[in-house]
2 protein chains.
Amino acid sequence: MDRFVSTFTNKIDAKGRVSIPASFRAVLERDGYAGGIAGGLYCYPSLDAQALDAGGERLAKKIDGLLAGLPDYSDERDELSVALYGDVQVLSIDGDGRIVLPESLRAHAHLDAAVSFVGLGEKFQMWEPKRFEERRAEARSKIQVTRKLFAAGSRPSGDGGDEGARE
Amino acid sequence: MDRFVSTFTNKIDAKGRVSIPASFRAVLERDGYAGGIAGGLYCYPSLDAQALDAGGERLAKKIDGLLAGLPDYSDERDELSVALYGDVQVLSIDGDGRIVLPESLRAHAHLDAAVSFVGLGEKFQMWEPKRFEERRAEARSKIQVTRKLFAAGSRPSGDGGDEGARE
DNA sequence: TCAAATCCCATGCGATCCCATAAAGGCCCG
DNA sequence: CGGGCCTTTATGGGATCGCATGGGATTTGA
């Protein structure tokens, strides 16, 4: 498996530590985090949600690639640099597979007692569990609509509905 | 890690000293600063912001490269030379990883009680914390716009929305 | 000789490492 | 097919380490 999949909820302990789900760790290990202990978890506030985005080397490379394409002293590059590099935190993963979330990141996502890790393929997000539930419910209803549109056009519809459970 | 990443805020003490974030020091050490403690921190007023730019050997080389690209006796080159080299200071880093900012530099960035160190990949900036927060907010909102334009113009849409956040 | 800059040491807080426990899941063997 | 053992994983706590910061001591330069 080489993508972040499904959702896990873990607790934040008194020291602010959270265990990264084992399956996510496995993905990180084979994506750049492998080959060297030096790597870390790249983490930053989601631009359009009260959540955090995170990923491994692959994600970092992507950011680099974006910037590499822009001229050195352009305004555009400056803006992007600040928004990307400035907001990014490189979190180290301890021997037990845990990270500590800096205050600034916790604040953005309103994290206090627990964190929901949500796999999104090449990266994953970290949500405050309640907020994520709301968001998920919302996403589901939207999917429903989309699916019905699809069904109307090409499918016989009429299945139980459990099919689309996982978004 | 060989790039300046993320943001740290440290205090200026009564003697005008500031600690350089440990992770930035690590980057400096392997970039030209390595090979000898003799090296220093290249630091100059940002051309387009009330902040300071700083970096190690790699940054110095880059500036050289920039200038090399311009015709020898052009006005452009003269202006850039003055703008860049003219105000460059080579700051020494003491045994505890601290620097002292000359008055001229402090004035340009309005630094007094604390400094925010902002990683920008190959270099970093030093900001008065409040000013940086404003700048960051601005950069973020601009990125929002850029991203939405991207999404609207070239992407099939229909994804959750946050997936492509940083692309 | 005095002021200012540099070096060296002390300290407190936060981060990191290491170990212990417990719950869960998987596997093998009966 | 079922039960028990063993491995993996999450979580908690204690101890240790490193870093940021502050204060003195010492040197440098005017």
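Chain naming here is simple, since letters A, B, ... match the order of the sequence lines and numbering starts at 1 in each. All figures in this text were calculated on a predicted structure; none of them were measured in a lab.
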Write down the atom of B:Arg131, the atom of B:Ala109, and the distance for their closest heavy-atom approach.
CD-O, 4.4 Å
In the 5'-to-3' direction, what one-character label does each nucleotide of nucleotides 25-30 of chain D receive under the scheme B = base within less than 4.0 Å of a protein heavy atom, S = sugar-phosphate only, - = no such atom?
B-----
Measure from CG on B:Asp13 to P on D:dG23 and round the result to the nearest Å.
8 Å
Polar atom pairs (N or O), protein with nucleotides 8-10 of chain D, under 3.5 Å:
| unit_1 | atom_1 | unit_2 | atom_2 | d |
| --- | --- | --- | --- | --- |
| D:dA10 | OP1 | A:Ala22 | N | 3.2 |
| D:dA10 | OP2 | A:Arg25 | NH1 | 3.4 |

Taken to the nearest 0.5 Å, the spacing of B:Lys123 NZ from B:Tyr44 OH works out to 4.5 Å
Measuring from B:Phe124:CZ to B:Ser23:OG, what's the distance to the nearest 0.5 Å?
10.0 Å
What is the separation between atom CD1 on A:Ile99 and atom P on C:dC17, rounded to the nearest whole Å?
14 Å
Roughly how many Å is it from CD in B:Glu103 to P in C:dA5, rounded to a whole number?
11 Å
Criterion side-chain contact (heavy atoms from CB on, under 4.5 Å) on B:Leu52 and B:Val115, from CA distance to verdict
CA-CA 10 Å; B:Leu52 308 175; B:Val115 181; over 6 Å; no
Would you give the length of the straight line joining atom CG of A:Asn10 to atom CZ of A:Phe24, rounded to the nearest 0.5 angstrom?
10.0 Å
Output, in order, the C-alpha distance, side-chain angles, deciding distance and verdict of side-chain contact (heavy atoms from CB on, under 4.5 Å) for A:Tyr42 and A:Glu57.
CA-CA 8 Å; A:Tyr42 292 80; A:Glu57 280 296 330; 3.4 Å; yes
Under a 4.5 Å side-chain heavy-atom rule over Ile, Leu, Val, Met, Phe, Trp and Tyr, are A:Val100 and A:Val18 clustered together?
no
Would you mind reading off the distance between A:Asp94 atom CG and C:dA15 atom P, rounded to a whole angstrom?
13 Å
Expressed in angstrom and rounded to an integer, what is the separation of A:Arg98 atom CZ from C:dA15 atom C1'?
13 Å
For A:Ser46 against A:His108, the heavy-atom pair lying closest together:
O-NE2, 3.2 Å
With a 6.0 Å cut-off on the ring centroids, do B:Phe117 and B:Phe8 count as close?
no
Assess whether a salt bridge exists between B:Arg140 and A:Asp87, defined as any Lys/Arg side-chain N lying under 4.0 Å from an Asp/Glu carboxylate O.
yes
Over its full length, what angle do the end axes of the helix from C:dT1-D:dA30 to C:dG30-D:dC1 make, each axis taken from five pairs and the result rounded to 10 degrees?
30°
Without decimals, in angstroms, what is the distance between B:Phe117 CZ and D:dC19 P?
15 Å
A side-chain contact here means heavy atoms from C-beta on lying under 4.5 Å apart; do B:Trp127 and B:Thr7 qualify?
no
Can a side chain N or O of A:Ser92 be found less than 4.0 Å away from OP1 or OP2 on C:dA15?
no
Rounded to whole Å, CZ of B:Arg17 lies from P of C:dT6 at a distance of 11 Å
In whole angstrom, give the distance that lies between atom CD1 of A:Ile12 and atom C1' of D:dG12.
15 Å
